[in-house]
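One structure below.
We use all heavy atoms of the structure for the numbers below, so side chains are in, but hydrogens, waters and symmetry mates are not. Residue numbers start at 1 and run along the sequence shown.
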Amino acid sequence: MSDLDILARTIYGEARGEGSEGMEAVACVVMNRYRSHKWYCGYTWMNGMKVPSIAQTCLKRYQFSCWNKNDPNLDKVLKVTAKDPQFQDCLLVAKRAISGDLKDFTNGAVYYHNTKITPYWAKGKSPCYEVGHHLFYRER
């Protein structure tokens, strides 16, 4: 699967119910991670060289819960098609993110979580952005 497809599926799995702003915010986080070249960036091999990959950033183990084997969204993420109107929206957001037409409005966020939970890594941190049911954070 391509960067576009995997990014769109990640947006779908993580924020399809959050409206366009929420979906764009998740795309910003993925792109911020991808551009960072830090531990949460995923890589692929191209012409014998390890290079950053948007798809591998999305698929990196335990980074985006919709790709976790036990996540209830995984089946939906894998089965959704371009006939689904929400997925069509996700594809458009992903295209804008990859082309550089989606500017980061999350203040450099590289993490987020649903407001219904407080993961261990968020304790003591202040969100830099909030939309819908998600809180976004920069790296310290």
How far does [atom1] of [X] sit from [atom2] of [Y], to the nearest 0.5 angstrom?
X	Y	atom1	atom2	answer
I98	D3	CD1	CG	5.5 Å
Y43	S53	OH	OG	10.5 Å
H37	R35	NE2	CZ	10.0 Å
C90	K95	SG	NZ	12.0 Å
W67	T10	CH2	OG1	5.0 Å
W45	Q56	CH2	CD	12.5 Å

*List in chain and number order the residues that pass side chain to side chain donor-acceptor pair (under 3.5 Å) with Y112, two or more places apart in sequence or in another chain; answer none if no residue qualifies.*
E14
pair [X]-[Y]: side-chain heavy atoms closer than 4.5 Å:
X	Y	value
Y12	D89	no
Q86	M23	no
R16	D84	no
E18	V26	no

*May I ask you to check whether H134 and Y129 place their ring centers less than 6.0 Å from one another?*
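Distance test on ring centres: not under 6.0 Å, no.
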*Step through it carefully: locate the ring centre of Y111, locate the ring centre of F136, and say whether they are under 6.0 Å apart.*
no
Tell me the closest heavy-atom pair linking [X] and [Y], and the distance in Å.
X	Y	answer
N107	D104	N-OD1, 3.9 Å
A27	L102	CB-CD2, 3.8 Å
T57	Y40	CG2-O, 3.7 Å
C28	T106	CB-CG2, 3.9 Å
G13	N73	O-ND2, 3.5 Å
A82	Q88	O-NE2, 2.8 Å

Partner residues of [X] under the salt bridge (Lys or Arg N to Asp or Glu O under 4.0 Å) criterion, sequence neighbours left out:
X	answer
R9	D5
E24	R96
E139	K38
D101	none

_Does Y62 form a side-chain contact (heavy atoms from CB on, under 4.5 Å) with N68? I'd like the steps, not just the answer._
CA-CA 6 Å; Y62 303 124; N68 293 345; 3.8 Å; yes
Is there a path of hydrophobic side-chain contacts, each under 4.5 Å between heavy atoms of I, L, V, M, F, W or Y residues, that connects [X] with [Y]?
X	Y	answer
L91	I6	yes
V30	L135	no
V110	I11	no
F64	V131	yes
L92	V29	no

Output a table of donor-acceptor pairs, distance under 3.5 Å, between side-chain atoms of residues 115-128 and any protein atom two or more places apart or on a different chain; print 'none' if there are none.
unit_1: K125; atom_1: NZ; unit_2: W121; atom_2: O; d: 3.4

*Inspect the surroundings of NZ in K60 and state if more than 12 heavy atoms from other residues, nucleotides or ligands are less than 6.0 Å away.*
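Enclosed: over 12 neighbouring heavy atoms sit under 6.0 Å from NZ of K60.
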